[in-house]
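What follows is a single structure, written as structure tokens, with notes after it.
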Number of protein chains: 2
Amino acid sequence: MNSEFIIAVHSLVLLAHREDGMASSEEIAANVCTHPARVRKVLGCLRKLGYVSTREGSGGGYRLTCNPTEVTLADVYRAMSAGSLMPNWCSGDPEMDCMVGSSMQDVMNSVFCGAEKQLEAYFSNITIGGMLSNIEQGQLDAAGGRAGPIII
Amino acid sequence: MNSEFIIAVHSLVLLAHREDGMASSEEIAANVCTHPARVRKVLGCLRKLGYVSTREGSGGGYRLTCNPTEVTLADVYRAMSAGSLMPNWCSGDPEMDCMVGSSMQDVMNSVFCGAEKQLEAYFSNITIGGMLSNIEQGQLDAAGGRAGPIII
DNA sequence: TCATACTGTAATAATATCAATTACAGTTGG
DNA sequence: CCAACTGTAATTGATATTATTACAGTATGA
């Protein structure tokens, strides 16, 4: 899995958490624990898909332009990490004489395509808004002394 | 995803394809397209789980000791790659003041644990024997001029 | 209009991960 | 004893990932 997926999800949750839905790349980077340039790259991608808008110049930054309860992790996954489940490394060789060795790349490919569909189906049930309320709920629990593992 | 998963699956399918269920690390490595030492490491792991047995010394090698129609990719995944879905890289920091930044690691963790369960459920429906028959079937199709994408 | 505070983007450097290779001890069959 | 194996660890080399730097472009407001 691509770590840009994590940065994208974290950024969206953070923006959804803000009253005005806004933050600069520097603020987001500090919260995510990475470099502002990396945040700008990831959010630039989310902008092209309409999930955030940006304003350059002084006082600018990023603003959430989607409904957090409608955007799912599947959307983010497709945007940032599609195809990342399959390893880059490949076994076998189509030119090989052996039936097994020559077919393995195709077979693995279809296995991982199916796996990716499963993953997307799972992610499509988790929304940015859902993650945020989970966090807020967890925080309340902690305040009440009833903190426990967070379950989605 | 770990590429050792691919090596393990490929090796098991190859052994299942052999009449006597046997091959040396050198033969397997040639078929998988990697180094024999790497094959030995992976199959050493499968041996501990009882899927293959090994014989050292001259004329030795690996032999399949499981029923290929009973071993699923979920078994292999758990053996070789458990936990590999979650990226090593982590956003946020539990010590942080912000509710979002301090909770994100836990939340991501539960998201990826759920994702891994989904993946295992999918893999549990694919067996080594199933992959092998798929390959043999595909080969027959190709021979009959009806080759197409392999679907599992 | 100028300084300031941002984004966009590319290039580079630092680091971590992954795979290949080498090496050698231990085992077995002939 | 020799030849052909596995088991395992160490090293090297290749690749991927992340951080950092740099700077052009843009908006704001004094």
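Note that this is a predicted model, so its numbers are computed, not measured.
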*Considering just the side-chain nitrogens and oxygens of Arg47(B), establish if one lies under 4.0 Å of OP1 or OP2 belonging to dT6(D).*
no
_On the nucleotide dC2(D), are OP1 or OP2 found under 4.0 Å from the side-chain N or O atoms that Ser58(B) carries?_
no
*Give the rounded distance in Å between these two atoms: NZ of Lys41(A) and C1' of dA19(D).*
12 Å
*Phosphate-side-chain proximity, Trp89(B) and dA19(D), N/O vs OP1/OP2 below 4.0 Å*: yes
*Nearest whole angstrom, please: distance from the C1' of dC6(C) to the CD of Glu27(A).*
11 Å
*Whole Å only: how far is the CD1 atom of Ile6(A) from the C1' atom of dT17(D)?*
13 Å
*Closest nucleotide of DNA chain D for Glu4(A) versus for His35(A): which of these residues is on the 5' side?*
Glu4(A)
*Hey, does the side chain of Ser25(A) come within less than 4.0 Å of dT7(C)'s phosphate (OP1/OP2), counting only N and O?*
yes
*State whether Arg38(B) places a side-chain N or O below 4.0 Å from either non-bridging phosphate oxygen (OP1 or OP2) of dA19(C).*
yes
*Rounded to the nearest angstrom, tell me the gap between atom CD in Glu56(B) and atom P in dC24(C).*
19 Å
*With respect to the phosphate group of dA19(C), does any side-chain polar atom (N or O) of Ser3(B) fall under 4.0 Å of OP1 or OP2?*
yes
_Contact under 4.0 Å: Ser24(A) side-chain N or O vs dA5(C) OP1/OP2_ = no
*Compare every heavy atom of Ala82(B) with every heavy atom of Glu116(B), then report the nearest pair and how far apart it is.*
OE2-C, 3.5 Å
_Is the distance from the ring center of Phe5(B) to that of Phe123(B) below 6.0 Å?_
yes
*In whole angstrom, what separates Tyr62(B)'s OH from dT28(C)'s P?*
14 Å
*Got a sec: does the CG of Asp97(B) have more than 12 other heavy atoms crowding it under 6.0 Å?*
no
_For a quick test of reading the model: is some side-chain N or O of Thr54(A) closer than 4.0 Å to OP1 or OP2 of dG8(C)?_
yes
*Quickly work out the Arg40(B) CZ to dC24(C) C1' distance and round it to whole Å.*
11 Å
*Run the salt-bridge test on Arg18(B) and Glu27(B) with the 4.0 Å N-O cut-off and return the result as yes or no.*
yes
*Determine the minimum heavy-atom distance between Met1(B) and Ser84(B), stating which atoms define it.*
CA-OG, 4.0 Å
*To the nearest Å, give me how far apart CG (Asn88(B)) and C1' (dT17(C)) are.*
8 Å
*Send over the distance from Ile7(B) CD1 to dC18(C) P, rounded to a whole Å.*
12 Å
*Specify the residue among Ala37(A) and Gly59(A) whose closest nucleotide of DNA chain C lies further upstream toward the 5′ end.*
Gly59(A)
